[in-house]
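Here is how names work: the chains are called A, B, and so on, in the same order as the sequence lines, proteins then strands, and each is numbered from 1.
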There are 2 protein chains.
Amino acid sequence: MDKPPAPSRRITIVDVAQHARVSTTAVSKVLRNAYGVSPTMQAKVRQAIAELGYRPSAAARGMRGQTYTIGVMLPDIRNPFFAEILDGLNDHLADTDYQVLLGPGCNGEEAEAKVTHAMIDRSMDGMILIAPVSSRAHLEHVARTVPTVVVGRHGRSATYDTVADDDFAGAGLVVDHLADLGHRRIAHIEHHETDPDRLAEMPNAIRADGYQHAMRARGLAGEIDIASTSYTQEGGYLGAQQLLARPVRPTAIFAGADIVAMGALDAIAEAGLRVPEDISVAAYDNTTFAAFRPISLTSVDQAGHQIGRNAARLLLDRIADRQRPATQIKLSPTLVTRRTTAPPPA
Amino acid sequence: MDKPPAPSRRITIVDVAQHARVSTTAVSKVLRNAYGVSPTMQAKVRQAIAELGYRPSAAARGMRGQTYTIGVMLPDIRNPFFAEILDGLNDHLADTDYQVLLGPGCNGEEAEAKVTHAMIDRSMDGMILIAPVSSRAHLEHVARTVPTVVVGRHGRSATYDTVADDDFAGAGLVVDHLADLGHRRIAHIEHHETDPDRLAEMPNAIRADGYQHAMRARGLAGEIDIASTSYTQEGGYLGAQQLLARPVRPTAIFAGADIVAMGALDAIAEAGLRVPEDISVAAYDNTTFAAFRPISLTSVDQAGHQIGRNAARLLLDRIADRQRPATQIKLSPTLVTRRTTAPPPA
DNA sequence: ATGAAAGCGCTAACAT
DNA sequence: ATGTTAGCGCTTTCAT
């Protein structure tokens with residue numbers, strides 16, 4: 001029952017095999033829950049593993065089989081929304097032999113390429129790419145090399161599965177909510193996009209589409225007003241400044257992301273206006289801070305947890321069968337109304 | 001100049017050696033910038049690598065040498081403060097051959113053990129543990145196995161290096177600021193701790209110590225008042241409720257972390273009090289949301305970026321020389337005053 | 001300075 | 001059901 005005497009050399013499968021008086025194959029099979037081991041052997045091997053405190057080397061396993069490691073790439077570790085997705089992932093993966101490792105936050109195609117390559121070099125068994133901005137070609141390349149699930153990006157592919165939130169519908173929720181309150185001049189701050197792939201696939205572009213579609217559906221086509229900046233605090237600040245300078249000022253602003261709303265609130269306060277009395281603000285993501293009392297931001301909640309769970313499930317399915325046809329899952333967002341939205345000034 | 005024709009088989013060092021008409025040893029040496037390769041050979045090999053698009057397999061490298069991978073364990077991916085540290089890390093590591101991979105957020109000793117083991121199994125060349133709660137014994141065990149730097153936890157060890165913020169001084173900054181404003185009844189919400197190791201080493205415990213020390217130094221020993229809950233939003237809510245129920249209410253609350261302040265603001269608002277007119281609130285971490293206009297929280301800023309850079313530097317030093325004596329680095333925090341602190345009501 | 005060859009710890013054919 | 005053995009792609013002696 002005492003610990004093995006300070007083993008400077010790591011315990012290997014050979015040690016376990018000798019200790020259990022069986023072959024290394026037997027140990028390997030037990031490790032992988034593979035077919036063809038008697039209960040007796042199972043027991044012997046498991047006991048030897050426990051007694052010696054053996055842990056398989058992922059590097060060695062990776063040379064021949066799997067590494068039991070799943071790589072997750074996410075663009076911005078600061079966005080708490082991604083943490084929700086990770087929780088969902090881990091929920092599903094906790095009971096499996098797989099271990100999740102995250103790439104450090106990426107911004108831009110170059111950084112994404114570096115991380116995806118690094119993960120491929122490290123023989124990840126599967127990869128989950130969250131809201132990647134890389135070209136489709138790169139995504140397909142990655143997915144051809146290793147089982148891949150792309151999260152938070154629309155557009156179907158034959159080589160990878162996708163899980164995304166219905167951003168089009170989410171934008172509609174915001175417009176409907178504001179229009180129901182009586183707003184007509186509802187403006188939008190979007191993340192500027194020119195790349196055709198991304199215009200068709202990135203959530204920011206879909207949200208802008210959804211905004212316009214919903215405005216038209218409410219008979220507000222003439223009121224459509226978009227400030228095109230970026231999904232950053234500064235983007236929100238500049239975007240709101242632009243909108244407030246219009247001849248006829250909007251009575252409500254739909255910011256494409258919560259962080260954008262933070263910048264917009266700055267600009268609105270500087271302009272001497274009150275929220276929501278003078279102007280309403282709604283956003284997207286329902287990040288943790290949206291719920292903080294001083295902020296109390298009306299925001300679209302993406303089912304982050306569910307997104308993560310589904311991504312994990314799809315990935316394990318694909319690892320099991322790489323030929324399986326690609327699946328697209330689209331989840332429905334909900335609107336959380338708080339204190340930044342109210343009827344327009346009389 | 002055309003791409004190699006869709007290599008289903010990954011390019012190996014052998015392919016490169018043949019293409020360059022040299023030995024695999026030569027290629028390996030070039031890869032590792034090892035001693036004993038002529039410039040001619042360098043050039044030939046590098047060209048072959050580029051032409052074939054060769055990338056070394058980390059798994060295979062890990063069997064004999066290094067994996068060029070550094071594992072980072074952090075407790076809570078939602079805390080933006082940790083993102084600062086990561087940025088600092090990446091700054092220093094970007095120019096090296098090392099790749100950072102993060103463990104998923106950990107909470108509690110068990111999860112930390114799982115992640116640290118997973119990283120050891122994956123032959124990480126080094127590990128950075130951010131604010132770990134594990135026992136010293138476990139930390140020492142990890143550090144004996146692989147070069148390790150512990151960040152955000154006090155207490156010196158002979159086996160691992162540490163980088164921490166001076167939490168004792170940081171707490172003093174808060175108390176001094178509030179006392180300078182004229183406050184006397186300055187209360188503190190701490191994260192409850194009983195484990196002796198952690199009482200001596202964890203930032204939350206040191207902050208509570210620093211608070212008491214500073215109060216005494218200002219002649220406010222009699223005003224010391226601590227609510228012992230946890231570093232969570234709920235902990236802040238409950239802690240503030242306790243403090244507001246005192247016979248003599250505090251005029252200022254020092255929350256041990258920004259997230260704690262968010263909960264405290266809830267309780268204060270529910271009690272019908274205004275911040276900062278009726279009661280001041282200051283906190284610790286200067287997380288991103290502390291700066292958001294509706295929040296504008298006075299908070300202690302830890303030099304997260306610098307912490308990260310230093311941790312990376314120490315780790316590379318230790319990887320280069322595992323016998324080097326352990327180093328402790330302590331950085332100085334600063335106070336960022338915003339709109340949640342003001343003189344006490346008259 | 002260069003190369004041949006022996007492993008690293010595992011998995012997977014292939015026996016038995 | 002169990003064991004033997006040949007690699008996986010590198011790094012590292014050790015010759016030359």
Exercise. Compare the minimum distances between each of C:dA12, D:dC10, D:dA1 and the side chain of B:Ile13, then state the nucleotide with the smallest one.
Key: D:dC10

Practice problem: Starting at atom CG of A:Leu31, determine the distance to atom P of C:dG9, rounded to an integer number of angstrom. | Solution: 15 Å

Self-check item: Shortest side-chain distance from B:Ser57, nucleotide among C:dT11, D:dG9, C:dA1
Solution: D:dG9

Quiz prompt | Whole-Å distance separating the CZ atom of A:Arg10 from the C1' atom of C:dG9 | solution = 10 Å

Quiz item: Which of the following nucleotides, C:dC10, D:dA1, C:dA12, is nearest to the side chain of A:Arg61?
Solution: C:dC10

Practice problem: Check the surroundings of atom CZ in A:Arg55: do more than 12 heavy atoms from other residues, nucleotides or ligands lie under 6.0 Å from it? | Solution: yes

Exercise. Ignoring backbone atoms, establish whether A:Tyr54 has a side-chain N or O less than 4.0 Å from OP1 or OP2 of C:dC10.
Key: yes

Quiz prompt | Closest to the B:Lys29 side chain, choosing from C:dA12, C:dT2, D:dT2 | solution = C:dT2

Practice problem: Would you classify A:Val22 as touching base, sugar-phosphate or nothing, given that sugar-phosphate means primed atoms plus P, OP1 and OP2, and contacts are heavy atoms under 4.0 Å? | Solution: sugar-phosphate

Self-check item: A:Arg64 vs C:dA12: side-chain N/O to OP1/OP2 distance below 4.0 Å
Solution: no

Exercise. Determine, for B:Arg10 against A:Asp121, whether the closest basic-nitrogen to carboxylate-oxygen distance falls under 4.0 angstrom.
Key: yes

Self-check item: Atom pair distance, as rounded to whole Å: CZ in B:Arg55 and C1' in D:dG9
Solution: 15 Å

Exercise. Select one nucleotide: of C:dT2, C:dA12, C:dG9, the one nearest the side-chain heavy atoms of B:Met41.
Key: C:dT2

Practice problem: Would you please confirm or rule out a distance under 4.0 Å between OP1 or OP2 of C:dG3 and any side-chain N or O of B:Ser23? | Solution: yes

Self-check item: Rounded distance in Å - CZ (A:Arg21) to C1' (D:dT2)
Solution: 16 Å

Self-check item: Distance below 4.0 Å between A:Ser28 side-chain N/O and C:dT11 OP1 or OP2
Solution: yes

Quiz item: Between A:Ile11 (CD1) and C:dC10 (C1'), how many Å, whole number?
Solution: 15 Å

Quiz item: Where the side chain of B:Ala26 is defined as all heavy atoms beyond and including C-beta, which of C:dC10, D:dG9, C:dG3 is the nearest nucleotide?
Solution: C:dG3

Quiz item: Looking for any heavy atom pair under 4.0 Å, which part of the strands does B:Val37 touch: base, sugar-phosphate only, or nothing?
Solution: sugar-phosphate

Exercise. List the steps and the verdict of side-chain hydrogen bond (donor to acceptor under 3.5 Å, both in side chains) for A:Glu112 and A:Ser134.
Key: CA-CA 7 Å; A:Glu112 287 187 1; A:Ser134 295; 2.5 Å; yes

Self-check item: Bend angle of the helix from C:dA1-D:dT16 to C:dT16-D:dA1, end axes from five pairs each (to 10°)
Solution: 30°

Quiz item: Pick the nucleotide of DNA chain C nearest each of B:Ser38 and B:Met63; which residue has the one closer to the 5' end?
Solution: B:Ser38

Quiz item: Closest to the A:Thr24 side chain: D:dT5, C:dC10, D:dT11?
Solution: D:dT5

Quiz prompt | Result of checking B:Arg318, B:Arg322, B:Arg153 against B:Asp161 for salt bridge (Lys or Arg N to Asp or Glu O under 4.0 Å) | solution = B:Arg318

Quiz item: Does the side chain of B:Arg61 come within less than 4.5 Å of B:Tyr68's, by heavy atoms?
Solution: yes

Quiz item: So, does the side chain of B:Thr25 form a donor-acceptor pair with the base of C:dA4 at under 3.5 Å?
Solution: yes

Quiz item: Can you find a heavy atom in the side chain of A:Asp125 that is under 4.5 Å from one in the side chain of A:Pro147?
Solution: no

Exercise. For the side chain of B:Tyr35, starting at C-beta, report the closest nucleotide among C:dA1, C:dT11, D:dT12.
Key: C:dA1

Quiz item: A:Leu52 has an atom CG; how far is it from atom P of C:dG9, in whole Å?
Solution: 14 Å

Practice problem: Specify the separation, in whole Å, of atom CZ of A:Arg122 and atom P of D:dC10. | Solution: 13 Å

Quiz prompt | Distance-minimising heavy-atom pair for B:Leu102 and B:Met119 | solution = C-CE, 4.0 Å

Practice problem: Looking only at non-hydrogen atoms, find the nearest pair between A:Phe81 and A:Gly304 and report the distance. | Solution: CE1-CA, 3.7 Å

